[in-house]
Amino acid sequence: MQRPGADLANMQPSDFICDFSLKAWDGSFPMVEGHRGSLISGDCLAVAYRFVVLASQSSLEPGYTCTMCLEERADPCWQSPVRPEAVICRRCIRQSATKLHTDPDWDWSKPTEDSKPE
Ligand SMILES: [Zn+2]
Ligand SMILES: [Zn+2]
């Protein structure tokens with residue numbers, strides 16, 4: 001998301017904030033954009049991927065609204081521990097992970113079963 005009060009005509013990297021960890025972007029880590037300016041950092045995406053895709057868990061029951069695609073979803077999801085209104089559905093997790101995984105600008109790989117959380 002954009003930092004509240006950011007100057008839209010003169011956006012700085014730090015005006016872009018991860019919806020899930022509220023970490024401001026400094027240009028040094030990957031971010032994936034969803035609809036309406038929603039953003040998820042590579043770190044949060046890795047946590048979401050482990051939780052939903054690898055561990056087959058879900059934070060919420062079906063019927064939640066995904067922050068990234070803005071759709072009402074029935075698949076498993078990950079909810080931000082620091083910002084409960086931020087939720088990402090499994091489809092968006094998979095799409096975002098594939099996007100980052102194949103992005104040559106960033107050294108980001110899909111977590112695997114035996115990779116340890118940082
Ligand atoms: Zn984040
Ligand atoms: Zn979604």
Side-chain angles (χ1 to χ4, degrees):
M1 62 185 193
Q2 292 169 355
R3 180 189 299 282
D7 178 1
L8 296 182
N10 184 25
M11 294 293 284
Q12 304 298 316
S14 59
D15 290 328
F16 296 93
I17 300 171
C18 172
D19 283 62
F20 295 82
S21 59
L22 299 176
K23 190 174 167 186
W25 198 50
D26 61 5
S28 73
F29 60 91
M31 288 264 240
V32 181
E33 195 174 359
H35 287 300
R36 261 190 237 152
S38 55
L39 294 163
I40 185 165
S41 65
D43 285 351
C44 289
L45 184 59
V47 173
Y49 192 92
R50 282 196 187 90
F51 185 78
V52 172
V53 178
L54 297 182
S56 300
Q57 292 179 279
S58 182
S59 299
L60 298 172
E61 299 294 316
Y64 64 89
T65 300
C66 172
T67 302
M68 298 293 283
C69 62
L70 304 176
E71 288 177 28
E72 189 175 310
R73 303 287 302 164
D75 51 353
C77 65
W78 180 71
Q79 181 181 39
S80 162
V82 298
R83 191 165 170 261
E85 62 266 49
V87 182
I88 183 168
C89 70
R90 186 173 61 189
R91 185 184 60 177
C92 288
I93 293 170
R94 286 210 170 113
Q95 281 178 358
S96 303
T98 299
K99 203 168 160 185
L100 271 194
H101 194 88
T102 54
D103 188 334
D105 290 343
W106 298 108
D107 181 21
W108 191 96
S109 300
K110 285 180 191 174
T112 55
E113 292 289 0
D114 45 42
S115 66
K116 295 207 168 57
E118 284 164 27

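Atoms considered below: every heavy atom in the structure, side chains included; atoms not considered: hydrogens, waters and symmetry mates. For ligands, and for the atoms within them, numbers begin at 1 and follow the listed sequence.
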For this session: To the nearest 0.5 Å, tell me how far Q2 CD sits from F16 CZ.
Result: 6.0 Å

Exercise. Quick one: side-chain hydrogen bond (donor to acceptor under 3.5 Å, both in side chains) pairs with a partner in residues 56-66, sequence neighbours left out?
Worked result: Y64-D75

Problem set entry | OG1 on T98 to NZ on K110, rounded to 0.5 Å | 3.5 Å

Problem set entry | the Zn ion (ligand 2): protein N, O or S atoms [distance under 2.8 Å] | C66 SG, C69 SG, C89 SG, C92 SG

Problem set entry | side chain to side chain donor-acceptor pair (under 3.5 Å) involving D7 - partner list, sequence neighbours excluded | none

Problem set entry | Sphere of radius 2.8 Å around the Zn ion (ligand 1) - protein N, O or S atoms inside | C18 SG, S21 OG, S41 OG, C44 SG

Problem set entry | Short side-chain to backbone donor-acceptor contact, W106 and P30, under 3.5 Å | no

Exercise. Are the side chain of D19 and the backbone N or O of L39 linked by a donor-acceptor pair below 3.5 Å?
Worked result: yes

Seminar exercise, completed: Of S21, P81, S80, S96, the one forming a side chain to side chain contact (heavy atoms under 4.5 Å, CB included) with C44 is S21

Problem set entry | Distance, nearest 0.5 Å, that separates CD1 of I93 from CZ of R50 | 12.5 Å

For this session: Tell me, yes or no, whether the heavy-atom count around D107 atom CG, taken from other residues, nucleotides or ligands under 6.0 Å, exceeds 12.
Result: no

